[in-house]
There are 2 protein chains.
Amino acid sequence: MESRIDRIKKQLSGASYKLTPQREATVRVLLENEEDHLSAEDVFLLVREKSPDIGLATVYRTLELLNELNVVDKIQFGDGVSRYDLRQEGAAHFHHHLVCIECGAVDEIQEDLLEDVEAIVEKKWNFIIKDHRLTFHGICHRCQDK
Amino acid sequence: MESRIDRIKKQLSGASYKLTPQREATVRVLLENEEDHLSAEDVFLLVREKSPDIGLATVYRTLELLNELNVVDKIQFGDGVSRYDLRQEGAAHFHHHLVCIECGAVDEIQEDLLEDVEAIVEKKWNFIIKDHRLTFHGICHRCQDK
DNA sequence: ATTTTTAATGATAATTATTATTAAGTGAAT
DNA sequence: ATTCACTTAATAATAATTATCATTAAAAAT
């Protein structure tokens, strides 16, 4: 069966880009750290563990490229750095974030939840929704226990 | 009756800060441009029209302070700059944004829309919501006409 | 009132995140 | 083999923001 990396390779070549070793290394890091929300710097440091010669700008370019191809989502939580999330396979790529204002942890919600809201917005404001970002800020379950 | 600037003054003094002339000038600019989503640079240029001697750092410091006091919301749409919105008086300060991917315009939705969703999130993920950010990216009604 | 302390400011340097440039490397297609 | 487009690493450049620091204004204490 086709691996995720194969599929990403196809997405790249479909847009006439190549899966170079640097790009592959970057994608692998994203695959291996899917839970986290890595910044470009994070990705760079992780990629460099296995590919010590990669440049930071290459990582930025690769992430930007993957973002354009909708392989990753570039998101911002307000701390000044962009973070990059691999999109989930197929289905709804919609997911939301829970940012804890105590410990800074970022959890994910893998459900849409917004179908109804979107229908209202499209109709009432006459706006064609292509994407959305929903983040809740508050106290995570771990910090509530403390 | 109490003006908004008076109320902000109270919020500052309540936290033992003063409403200095520079801070007041900054707040006035925010009040006079409530529709827009001004960046620090925008605010700086507008403040300087009336208070030519103000420094950029002071504007940044003031905006940061106002953000900590929850007088303004510091938001990011992904274009690399932080923007500062005065919070609405009392009531639900919740509002959402429509960012047009064609022309870059940012419109506001002054309705909550998320009550139901929040109830679900609080219960299912055991997360105490203090705030949220919801942004839709898509095509605004103006660009649809073109 | 005058000193003492504290807070806030303006100017500017430093930092951080990101993007652009450049020169060199690589590989597919002649 | 040679060309040509793509990609890269290194580095420079830029933009946004933050830190530093000497100076000033205000408040508190004498």
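Computed from a predicted structure; not experimentally measured. Just so we're on the same page: letters track the sequence lines, and every chain starts at 1.
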Q: Select one nucleotide: of D/dT8, C/dT9, C/dT18, the one nearest the side-chain heavy atoms of A/Arg23.
A: D/dT8

Q: I want to verify a distance call: between C/dT9, D/dT17, D/dA27, whose nearest atom is closest to the B/Gln22 side chain?
A: C/dT9

Q: Where the side chain of A/Thr20 is defined as all heavy atoms beyond and including C-beta, which of D/dT8, C/dG10, D/dA27 is the nearest nucleotide?
A: D/dT8

Q: Among D/dA26, D/dT20, D/dA10, which nucleotide sits nearest the side chain of A/Arg61?
A: D/dA10

Q: Give the rounded distance in Å between these two atoms: CG of B/Leu19 and C1' of C/dT9.
A: 15 Å

Q: Run the salt-bridge test on A/Lys74 and A/Glu68 with the 4.0 Å N-O cut-off and return the result as yes or no.
A: no

Q: Roughly, in whole Å, what's the span from CD in B/Glu64 to C1' in D/dT18?
A: 10 Å

Q: Given C/dG10, is OP1 or OP2 found less than 4.0 Å from the side-chain N or O atoms of B/Thr58?
A: yes

Q: Verify, without hydrogens or angle tests, whether A/Glu122 (side chain) and A/Ile129 (backbone) share a donor-acceptor contact under 3.5 angstrom.
A: yes

Q: Please report the distance, rounded to the nearest Å, between OH in B/Tyr17 and P in C/dA8.
A: 7 Å

Q: When you measure from the side-chain N and O atoms of A/Tyr60 to the phosphate of C/dT18, is any distance below 4.0 Å, counting only OP1 and OP2?
A: yes

Q: B/Gly80 or B/Ala57: which one's nearest nucleotide on DNA chain D is closer to the 5' end?
A: B/Gly80

Q: Please determine whether a side-chain nitrogen of the Lys or Arg among A/Asp131 and A/Arg133 lies less than 4.0 Å from a carboxylate oxygen of the Asp or Glu.
A: yes

Q: Measure from CG on A/Asp42 to P on C/dT18 and round the result to the nearest Å.
A: 11 Å

Q: Return the value, rounded to whole Å, for the distance between atom CD of A/Glu24 and atom C1' of D/dT8.
A: 16 Å

Q: Using a 4.0 Å heavy-atom cut-off, does B/Ser82 contact any base of the nucleic acid, only the sugar-phosphate backbone, or nothing at all?
A: sugar-phosphate

Q: Just how far, in rounded Å, is P of D/dA16 from CZ of B/Phe77?
A: 16 Å

Q: Rounded to whole angstroms, how far apart are CZ on A/Arg48 and P on D/dA9?
A: 12 Å

Q: If we check ring-ring contact (aromatic ring centres under 6.0 Å, His included) with A/His97, which of these qualifies: A/His37, A/His132, A/His137?
A: A/His37

Q: For A/Tyr17, does the OH atom have more than 12 heavy-atom neighbours from other residues, nucleotides or ligands under 6.0 Å away?
A: no

Q: Between D/dT7, C/dA17, D/dT18, spot the one nearest the side chain of B/Lys74, thanks.
A: D/dT18

Q: Between B/Leu65 (CG) and D/dT18 (P), how many Å, whole number?
A: 13 Å

